[in-house]
Protein chains: 2
Amino acid sequence: MTTTKRPSSAVDAPDPPGRRRARKGEGDLLRDEILDAAERLLVEKGNKDSVTIRGVAKAVGVSAPSIYLHFADKEELLYETCRRVFDILNQRLMEAVGAGEGTVVERMIRAGRAYIAFGLEHPGQYVTLFGPGPADSAPLDLDDSDPGVQAFGLLVGLLEAGVESGELKSDTDVIAAAVAVWAAVHGTVYILISKRGIAEPVMTIDEEAVIETALSMMLDGLRA
Amino acid sequence: MTTTKRPSSAVDAPDPPGRRRARKGEGDLLRDEILDAAERLLVEKGNKDSVTIRGVAKAVGVSAPSIYLHFADKEELLYETCRRVFDILNQRLMEAVGAGEGTVVERMIRAGRAYIAFGLEHPGQYVTLFGPGPADSAPLDLDDSDPGVQAFGLLVGLLEAGVESGELKSDTDVIAAAVAVWAAVHGTVYILISKRGIAEPVMTIDEEAVIETALSMMLDGLRA
DNA sequence: AGCGATAACTGATCGCCGTTAAGTGAACGG
DNA sequence: CCGTTCACTTAACGGCGATCAGTTATCGCT
């Protein structure tokens, strides 16, 4: 016990090694610190399996079991971590769709570009949230606050508007089309993420060209 | 040591618990048994993290370290496991493309349907092979024997034929288009797999409708 | 100022994992 | 019959997610 004491003089060290215990009503402070650390580690490691409960705890400057005071298990921690950034995605999607107006097709293109760009900016969170979860994963009763549900609703609304205005094929099954469109942009994000930095199978992939091809392909196919 | 002996009388038990040691030149027998067991477990668990080296070893009736006599690590074991089934996919794709002839668009639709159907039939292997690997994953120098490279080459060839025959837009960047098409079918498979058996976000998804919508959307967008 | 209650957090431990090192015994060639 | 070699095992390491039984700091209250 030579150096380990911190009742006073605790403002210089930022946080990680020694952390001041939260005061009585402020237990939730730790929750946010945990989420921040988990997000930082997820971005840096790029892979959810490389983010460990123990690692997050050490980054926060706390013991591993403390995590469980705020999250039921690792899955919940990661979900909440990614959820925060996906709320930002929804914001961006709504901006892309709402601002500048234009035709439905133009708005969909903008939204698609925003979605893909966002996914490529946050690959760790993207594959964590949309990647394969445990096979036994609970029915995952998602409500309207779930960012995925919101984004899907936005897409369905857009397609409905397009059909109604005659801009899109009138016999479109909007639900099926929404899933198909989502699948196409999702696949684009996923493949571009996966292929980042691996030996190119045939040649270097021009990301921009792929994105624009995918988007125009999709929408030409939907147009009336 | 009451019941544990097996020098003789070893024909009744099939394999799992006690396994006859292979003879001198037949060490590779175990390799195939391991692959079979790994495939079985992967199909049954649906998730690569639920397939453990120890579990595979027990299923074969062998000790865990024996796996490492035939595979460098778990990743290699899983890769080889999935590779076997993806060779079958390539076969099916070539049948779909080659047989019955027809226009390029027709052949692409058949291939797309075959790809998606295959992915949905083998979800465990699909997400294992195409899902997120470790972030540090080696450049993965894939050669022409890799099923992914072969399938991609098939797709590129098809697109080139379509452009040449005037069936597809003449200004198509075939590489970018191939990636985009692959992304779209991949995304469709991935999303339909992920959404299997979870509480539907908006309503029940009609898989057939999604598949047909995705395929026609794609190809209408590519057509001249 | 002192004290019991309670919120916030820790140390020790469990059972599992992937992986490695060292050893054992059966099958073969000579 | 013997030594080598192949096929495999036992034991163990370090790290993982998770649990449980404490421990300590802060609070309201007298």
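A note on names: the letters A, B, ... follow the listed sequences, proteins ahead of strands, and every chain is numbered from 1. Keep in mind that this is a model prediction, so the values were computed, not measured.
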- [ ] Indicate yes or no: does A:R31 engage A:D36 in a salt bridge with an N to O separation below 4.0 Å.
- [x] no
TODO: For A:S145 and A:R83, test the side chains for any donor-to-acceptor distance below 3.5 angstrom and give the result as yes or no.
DONE: yes
Rounded to the nearest Å, what distance is computed from the [atom1] atom of residue [X] to the [atom2] atom of nucleotide [N]?
X	N	atom1	atom2	value
B:F71	C:dG18	CZ	P	14 Å
A:I53	C:dC9	CD1	P	16 Å
B:D28	D:dC8	CG	C1'	14 Å
A:E76	D:dG17	CD	P	15 Å
A:I67	D:dG17	CD1	P	10 Å
B:L69	D:dT5	CG	P	17 Å
A:Y68	C:dA12	OH	P	18 Å
A:H70	C:dA7	NE2	C1'	10 Å

- [ ] Pick base, sugar-phosphate or nothing for B:V56, based on heavy-atom distances below 4.0 Å to the nucleic acid.
- [x] nothing
Open item on the list: Looking at D:dG15, I'd like to know if its phosphate oxygens (OP1 or OP2) sit under 4.0 Å from a side-chain N or O belonging to A:T52.
Closed with: no
Open item on the list: Just N and O in the side chain of B:S63: are any of them under 4.0 Å from OP1 or OP2 of D:dT9?
Closed with: yes
- [ ] Using heavy atoms to find the nearest nucleotide of DNA chain C for B:R21 and B:K74 separately, return the residue whose nucleotide is more 5′.
- [x] B:K74
Task: Aromatic ring proximity, centroids under 6.0 angstrom, B:F86 and B:F130 - done: yes
Task: Heavy-atom pair of closest approach, residues A:H70 and A:S66 - done: CD2-O, 3.8 Å
TODO: May I ask you to verify whether the side chain of B:R54 and the base of C:dG18 hold a donor-acceptor pair under 3.5 Å?
DONE: yes
